[in-house]
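Reading through the structure tokens given below for one structure.
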Protein chains: 2
Amino acid sequence: MQTLSKTEPQLLELKKRLTEIRDIEAASAVLYWDQATYMPPGGAAARGRQMATLQQIAHEKFVDPAIGQLLEDLQPYADSLPYDSFEASLVRIARRNYDRAVQVPSAFVAQFSLHRAESYNVWAKARPENDFAAVRPYLEKTVELSREYANFFPGYEHIADPLINNTDYGMKANTLRELFGQLRSHLVPIVEAIAANPPADDACLRQHFPEAQQVDFGLEVLERLGYDFQRGRQDKTHHPFTTSFSIGDVRITTRYDEYNLNEGLSSTIHEMGHALYELGFDPQLEGTPLADGVSSGVHESQSRLWENLVGRSREFCTYFYPRLQALFSSQLADVSLDTFYRALNKVQRGLIRTEADEVTYNLHVTLRFDLELALLEGQLAVRDLPEAWNARYKADLGIVPDSDRVGCLQDVHWYTGVVGGMFQGYTLGNLMSVQFYQAAIASNPHIPESLRQGEFGPLHEWLKHNIYALGCKYTAAELVERATGKPLSIDPFIGYIRQKYGQLYTL
Amino acid sequence: MQTLSKTEPQLLELKKRLTEIRDIEAASAVLYWDQATYMPPGGAAARGRQMATLQQIAHEKFVDPAIGQLLEDLQPYADSLPYDSFEASLVRIARRNYDRAVQVPSAFVAQFSLHRAESYNVWAKARPENDFAAVRPYLEKTVELSREYANFFPGYEHIADPLINNTDYGMKANTLRELFGQLRSHLVPIVEAIAANPPADDACLRQHFPEAQQVDFGLEVLERLGYDFQRGRQDKTHHPFTTSFSIGDVRITTRYDEYNLNEGLSSTIHEMGHALYELGFDPQLEGTPLADGVSSGVHESQSRLWENLVGRSREFCTYFYPRLQALFSSQLADVSLDTFYRALNKVQRGLIRTEADEVTYNLHVTLRFDLELALLEGQLAVRDLPEAWNARYKADLGIVPDSDRVGCLQDVHWYTGVVGGMFQGYTLGNLMSVQFYQAAIASNPHIPESLRQGEFGPLHEWLKHNIYALGCKYTAAELVERATGKPLSIDPFIGYIRQKYGQLYTL
């Protein structure tokens, strides 16, 4: 065992280097935020180059062998400390990231990143033109490069595992396929049963809701739910996102549709969930790699928990609907709370993932996950993707896209130049969101009543303490066990869906 | 003589490295802009660190001996090309900057920059508290470090010269002292003569002008004057500034005073002048050190030309005043064009530089310049600064500050931790602005008439061609000669002041 006094200079040096890298990454994030919000069009060309420069510098600084040496030197010291101590966790997570980064040759990183930019640009043009043929060669290259990438990590169980490790570290393709298969076997019949019911009437959400008032309502909701405007802000962008420049500055963006009240409200609450997570990191983690979400799944669990478990609950409506009615009296005066609640939770077999309700959403995701695996395994050729996509929509959702634009061209993910690890986080997030929420209620049964009264602090506190503050010290599996006392499972989610939608529909 | 084919790889490598450095500096500028405009308060701590990190990296990359070697290798090639060719200019300017940067040891740079941050923080607190004693030890250290800095450049004629080289490269303290002395000998009696007149009535500018309408008018002015909102934008900040992230993205900020119409309008036009300059660089210069203003003086000449020569002209008022009257009819309906023009050009012996009119402005500047030199020479001790300041205000402007807050604590410049080279650019800019403007008119006598008709294109074109497009290929002295056919002189400025203010007052 080494003592702190002996290793302190190395620890300080490691932290200094890691903070420098975080600073560069944060700068790049500011550039991205500015590009999406306020940048004039003339800034675009230089901006792309500037972000690429920063990312390149951050990468070079991270794969510096000096960092490898520091991590090596600090290992005995870290081993002597408790697993979840700041120092041991810092060395562990930095080492995990470092080992993964140096595994991939710089030349490949450069080639991959060039391909990714090209692929995205081709897709951005091909999608509105419904032109799958245009993206096909790029997607073929993407599959090839993704496989090549995976092969820098020999010893994997499934070729998707190294790619999944980039987004949901520690999750395995085979386990997920099994889990998602079970989930699907429950959901397909539930969705069929719901489809046999008369459809919910969501006309009340489809009236004209002027944007300025939607903004006001959104800000009221954010404030009430606990988003701290001293440490964040909300702006409008084409695609909503959350970005963090430090623990004291985590910003969200949203968009509004004047003829769909659901759009702005759910996107606002969704992004706020992501932001509350990053605003809740223990301040000690600032500037270190521990100030990060555990994984794509855990991050998504926080956005979905607030968006769905809270924002689509009867409790939420009980508190906020009278306020919404007062704001939009001409549109909502005659719409009952029950009608509004049913509209907000309308289940519909649609083609578009991002517009899907809680029940069908995971069917959109799990089919993409299975197609990803098949592409990587070589079981599915890119040329056969549209057909496979459409067949799976028919099987799982009973409908078939009439064009690739609303079919296999709809999501940007694969066309950013990576296949593998792109989608599982959404469903993992949905599963975890219910498991976390139920654990919070088990620990504080007063939570649902407090939501009804517009008090979101008790829930927020539980999440902060059990999830947010920890940063990425634990893996997703560890965090779920620690926060809920049980391993990840589909049961809470299925139970939640059956109960909530059993009250809305005959199942 | 070397051929291009032989040196091309080195030239490309040099450009690549210099562009990388520009990208990092641009990123730092975006972070600063964001901090001043939209950053929530919680972001402040990390933001300071992030900007320092980027500046440190940019500095390290610039003083890399590999750049010195490339410049060395490229010298014969550059020598074989015309002085003002892109390649020769790039090598010349990069070399000048490089040689100056490597002259100062990194340890000193770090110490200086630490001191600068401390000094600023102490001043920010001491100024509102009128506490010169608090800043005194910091200012003493500043003088000491500024002298130490200058001594890294042995062989200077005056100890201020190396510091002046940072802002107005090539200008000499002794020459400037002589020039400014002559200027003062003209201005002091002019100001005295004006003070003997009844004061101009500017009550029309001091009414209540709601901010939203001021913003609208400012935007109309910017648009009409030729600021391109596709390549820039205007936001509100506490202190107005201009910042450039690339030739395609040059932003300005402004502030408004609802009880002083002059404030927002002149700050808007002033910053626009800076922005037009940087928007007008030849696109070939993008990403290189040539995409920069020549000097503080030349930059200021462009802001002052638009702010004063255009924005305070009778021609400008002839076109815009009827529009302003229509917008603010309750305030201005009964105010004649002549009254408005006189109010806009009111001369007043005041204490505050930033509020000074065209006539007194240079007296504020030249006294600061002389005090700077005296501090650096050791002729003036920091403890005697307030007394010297007040005596000089008495001598030059006939009034004495009743507190240091409006005396020697008013400007941030020295308290950013540097004495020397801080002020001469303002007066150089005023002198050059008239010389440039008169050259433009000599080349196109139709310009004043076009301004009267709201056509600012002809003036803008002349400036683009003769100043903006060139970036910093030439020194200030070269540029003035080239654009006006004459060396820098005080005569055009004095002639302009005598003529314009001779019509407004009995001189």
Side-chain angles (χ1 to χ4, degrees), chain A residues 16-35 37-58 60-61 227-235 243-252 275 278-279 283 286-287 291, chain B residues 16-35 37-58 60-61 227-235 243-252 275 278-279 283 286-287 291:
Chain A
K16 193 182 134 217
R17 283 173 177 262
L18 296 174
T19 299
E20 185 189 25
I21 293 161
R22 298 289 285 187
D23 285 344
I24 303 166
E25 289 167 345
S28 181
V30 174
L31 265 58
Y32 179 81
W33 175 88
D34 178 71
Q35 182 180 47
T37 51
Y38 296 113
M39 189 182 77
R47 183 54 55 86
R49 196 191 66 216
Q50 290 156 355
M51 291 193 294
T53 295
L54 292 183
Q55 283 149 20
Q56 170 79 11
I57 294 172
E60 279 167 13
K61 287 194 177 272
Y227 181 65
D228 179 359
F229 282 93
Q230 294 297 301
R231 301 197 293 139
R233 49 180 290 121
Q234 187 189 40
D235 297 273
T243 182
S244 167
F245 310 143
S246 69
I247 295 177
D249 189 358
V250 183
R251 305 186 192 179
I252 58 178
E278 306 224 354
L279 286 166
E286 169 64 24
Chain B
K16 193 182 134 214
R17 284 174 178 261
L18 295 175
T19 299
E20 185 189 25
I21 293 161
R22 298 289 285 186
D23 286 344
I24 303 167
E25 289 167 346
S28 180
V30 175
L31 265 57
Y32 178 81
W33 175 87
D34 177 71
Q35 181 181 46
T37 51
Y38 296 112
M39 188 184 77
R47 182 54 54 87
R49 196 190 66 215
Q50 289 156 356
M51 291 193 293
T53 295
L54 293 183
Q55 284 149 19
Q56 170 79 10
I57 294 171
E60 279 167 12
K61 287 193 176 273
Y227 181 67
D228 179 358
F229 283 94
Q230 295 296 301
R231 301 196 295 139
R233 50 179 291 120
Q234 186 189 40
D235 297 273
T243 182
S244 168
F245 310 143
S246 69
I247 294 177
D249 188 358
V250 183
R251 305 187 192 179
I252 58 179
E278 307 225 353
L279 286 165
E286 169 63 24

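So you know, we letter chains A, B, ... as the sequences are listed, proteins then strands, and number each from 1.
The heavy-atom pair separating B:R49 from A:G287 by the smallest distance is NH2-CA, 4.1 Å. The two residues B:L54 and A:A27 have their closest heavy-atom pair at CD1-CB, 3.8 Å. Considering all non-hydrogen atoms of both residues, B:Q50 and A:F245 come closest at NE2-O, 2.7 Å. Scanning all heavy atoms of the two residues, the minimum distance from A:G42 to B:R231 falls at CA-CG, 4.2 Å. Considering every non-hydrogen atom in both A:G43 and B:D249, the closest pair reads CA-CB, 3.6 Å.
The contact between B:F229 and chain A is made entirely by backbone atoms, counting heavy-atom distances below 4.5 Å. At a 4.5 Å heavy-atom cutoff, the contact between B:I57 and chain A is made by side-chain atoms alone. Proximity to chain A (any heavy atom under 4.5 Å) is shown, for B:M39, by both the backbone and the side chain. Contacts between B:R22 and chain A at a heavy-atom distance below 4.5 Å are absent for every atom of the residue.
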Discussion item. Could you walk me through whether B:D34 and A:D34 satisfy the side chain to side chain contact (heavy atoms under 4.5 Å, CB included) test, starting with their C-alpha distance in whole Å, then the side-chain angles of each, then the deciding distance to 0.1 Å, before giving a yes or no?
Written reply: CA-CA 8 Å; B:D34 177 71; A:D34 178 71; over 6 Å; no
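The choice from B:K61, B:E286, B:R251, B:M51 that makes the most heavy-atom pairs within less than 4.5 Å of chain A is B:R251. Heavy-atom pairs under 4.5 Å with chain A were tallied for B:T53, B:D228, B:D235, B:V250; the largest tally goes to B:T53. Taking B:A46, B:A26, B:G232 one by one and counting their heavy-atom pairs under 4.5 Å with chain A, the maximum is reached by B:G232.
Taking OG1 from B:T37 and OH from A:Y38, the interatomic distance works out to 8.5 Å, rounded to the nearest 0.5 Å.
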